[in-house]
K.L.:
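Provided herewith is a single structure, encoded as structure tokens, for subsequent inquiry.
For the single chain, residues carry numbers from 1 onward in sequence order.
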Amino acid sequence: GAGAFVANTKPDILLLDICIPDRDGIQVLEDVLLVRPEQKVIMLTTSDADNDVYMALNLGAKGYLLKDRDATEITTAIDRVMNGGKYVPEAVMELFRKRQMTPGLTPREQEVLENLKDGLTNEAIAAELGVTRDAVKLHLKNIFNKLDVNDRVSAVREAVVRGFIR
């Protein structure tokens with residue numbers, strides 16, 4: 001995988017996308033930094049989901065750029081990271097701060113959301129996860145509160161926009 005590739009090639013810098021076919025770029029980042037913690041990584045992606053920004057920077061990415069930036073800004077980011085710094089534009093930092101102030105979803109809440117996304121009823125989600133229907137209702141109540149929404153469709157939409165589920 002990516003971790004072994006980076007361990008063998010030892011690139012000066014790695015530009016990594018979050019949206020990789022059949023992979024999660026956040027997971028790839030984690031794999032790479034597990035094998036080579038000193039690896040300098042800049043996320044270069046279309047994802048402006050606050051959870052993606054938060055996860056990438058928390059895991060150790062040194063930069064986070066959206067793909068719509070011009071070549072000059074990308075070059076500036078690479079130079080800054082190569083010289084030991086970080087590069088995170090203010091708009092991206094705002095997303096990071098927003099996510100820091102928002103309570104995260106628990107792994108179980110994410111599982112409930114994934115099942116919601118697939119259109120499952122509370123009963124079907126309960127059966128799928130091996131919990132009671134009341135437990136699913138409680139998870140949904142917590143999800144609605146955390147995402148500041150009032151219904152299932154809005155919860156799924158907000159969770160996708162913010163990068164909690166794909």
K.L.:
Minimum heavy-atom separation for Leu147 and Glu158, please, with both atom names.
P.N.:
O-CG, 3.9 Å
K.L.:
Passes side-chain hydrogen bond (donor to acceptor under 3.5 Å, both in side chains), Asn122 versus Arg152? Steps please.
P.N.:
CA-CA 11 Å; Asn122 288 3; Arg152 298 160 73 95; 2.5 Å; yes
K.L.:
Measure the shortest side-chain to side-chain distance between Val41 and Leu33 over non-hydrogen atoms and say whether it is less than 4.5 angstrom.
P.N.:
yes
K.L.:
Looking at side-chain heavy atoms only, is the closest gap between Glu94 and Pro89 below 4.5 Å?
P.N.:
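When only atoms from C-beta onward are counted, Pro89 and Glu94 do not touch, as no gap falls below 4.5 Å.
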K.L.:
The criterion is salt bridge (charged side-chain N to carboxylate O under 4.0 Å, His left out); which residues satisfy it with Glu73, sequence neighbours excluded?
P.N.:
Arg69
K.L.:
State, to 0.1 Å, how close Leu65 and Ala77 come at their nearest heavy-atom pair, and which atoms those are.
P.N.:
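Where Leu65 meets Ala77 most closely, the heavy atoms are CD1-CB, 3.5 Å.
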K.L.:
So Leu140 and Leu116, side chain to side chain contact (heavy atoms under 4.5 Å, CB included) or not? Walk me through it.
P.N.:
CA-CA 10 Å; Leu140 286 173; Leu116 261 189; 3.5 Å; yes
K.L.:
Measure the spacing between CZ of Phe164 and CE of Met55 and express it to the nearest 0.5 Å.
P.N.:
10.0 Å
K.L.:
Looking just at side-chain N and O atoms, do Gln27 and Asp31 make a donor-acceptor pair shorter than 3.5 Å?
P.N.:
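Result is yes, a qualifying pair exists.
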K.L.:
Rounded at 0.5 Å granularity, tell me how far OG1 in Thr46 sits from CG in Asp17.
P.N.:
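CG of Asp17 is found 6.0 Å from OG1 of Thr46.
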K.L.:
Can you hop from Leu120 to Leu105 via hydrophobic side chains spaced under 4.5 Å?
P.N.:
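Yes, Leu120 connects to Leu105 through the hydrophobic network.
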K.L.:
For the hydrophobic clusters of this structure (ILVMFWY residues joined by side-chain heavy atoms under 4.5 Å, transitively), does one cluster hold both Met93 and Leu66?
P.N.:
yes
K.L.:
Which heavy-atom pair separates Val35 from Ala7 by the least distance, and what is that distance?
P.N.:
CG1-CB, 3.3 Å
K.L.:
More than 12 heavy atoms of other residues, nucleotides or ligands under 6.0 Å from CG of Asp151: yes or no?
P.N.:
yes
K.L.:
Take Val112 and Ile143, measure what side chain to side chain contact (heavy atoms under 4.5 Å, CB included) needs, and give me the verdict at the end.
P.N.:
CA-CA 9 Å; Val112 168; Ile143 290 166; 3.9 Å; yes
K.L.:
Using modelled atom types only, decide if a donor and an acceptor are shared between the side chain of Arg36 and the backbone of Ala4 within a distance under 3.5 Å.
P.N.:
no
K.L.:
Please answer: with hydrophobic residues joined when any side-chain heavy atoms are less than 4.5 Å apart, are Leu16 and Val92 in the same cluster?
P.N.:
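Yes; tracing contacts between hydrophobic side chains, which count when under 4.5 Å, links both residues.
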K.L.:
Taking all non-hydrogen atoms of both residues, which atom of Ser47 and which atom of Tyr64 are closest, and how far apart?
P.N.:
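Taking Ser47 first and Tyr64 second, the nearest heavy atoms are O-OH, 2.7 Å.
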K.L.:
Closest heavy-atom contact between Lys40 and Val81?
P.N.:
CD-O, 3.4 Å
K.L.:
What are the two closest heavy atoms between Ala61 and Leu29, and how far apart are they?
P.N.:
CB-CD2, 4.1 Å
K.L.:
More than 12 non-hydrogen atoms from neighbouring residues, nucleotides or ligands closer than 6.0 Å to CG on Asp12, yes or no?
P.N.:
no
K.L.:
Between atom CD1 of Ile165 and atom CG of Leu113, what is the distance when rounded to the nearest 0.5 Å?
P.N.:
5.0 Å
K.L.:
Are a donor atom and an acceptor atom from the side chains of Asp79 and Thr76 found within less than 3.5 Å of each other?
P.N.:
no
K.L.:
How long is the gap from OG1 on Thr75 to CE on Met82, to the nearest 0.5 Å?
P.N.:
13.0 Å
K.L.:
Begin from the C-alpha positions of Lys146 and Glu109 and carry the test side chain to side chain contact (heavy atoms under 4.5 Å, CB included) through to its verdict.
P.N.:
CA-CA 10 Å; Lys146 288 177 180 182; Glu109 289 165 349; 2.8 Å; yes
K.L.:
Could you measure the distance from the CG atom of Asp24 to the CG atom of Asp52? Nearest 0.5 Å is fine.
P.N.:
7.5 Å
K.L.:
What's the verdict on side chain to side chain contact (heavy atoms under 4.5 Å, CB included) for Val131 and Arg108, showing C-alpha distance, side-chain angles and the deciding distance?
P.N.:
CA-CA 11 Å; Val131 297; Arg108 178 61 85 184; 4.0 Å; yes
K.L.:
Do Lys137 and His139 come within less than 4.5 Å of each other through their side chains, counting heavy atoms only?
P.N.:
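No; the side chains remain at least 4.5 Å from each other.
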K.L.:
Is there side-chain contact between Arg80 and Lys86, with heavy atoms separated by less than 4.5 Å?
P.N.:
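A side-chain contact under 4.5 Å is absent here.
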K.L.:
Hey, does the side chain of Glu111 reach the backbone of Leu129 with a donor-acceptor pair shorter than 3.5 angstrom?
P.N.:
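No.
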K.L.:
Check the hydrophobic clustering (I, L, V, M, F, W, Y; side-chain heavy atoms under 4.5 Å; chains of links allowed) and say if Val161 and Leu95 are grouped together.
P.N.:
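Looking at the clustering, Leu95 is in a separate group from Val161.
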K.L.:
State, yes or no, whether a side-chain contact exists between Leu14 and Val32 at a heavy-atom distance under 4.5 Å.
P.N.:
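Result yes, sub-4.5 Å side-chain heavy-atom pair found.
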K.L.:
Measure the CE-CG distance between Met43 and Leu57 for me, rounded to the nearest 0.5 Å.
P.N.:
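Answer for the CE-CG pair, Met43 versus Leu57, is 9.0 Å.
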K.L.:
Assigning hydrophobic clusters by single linkage (Ile, Leu, Val, Met, Phe, Trp, Tyr; side-chain heavy-atom cutoff under 4.5 Å), is Tyr87 placed with Ile18?
P.N.:
no
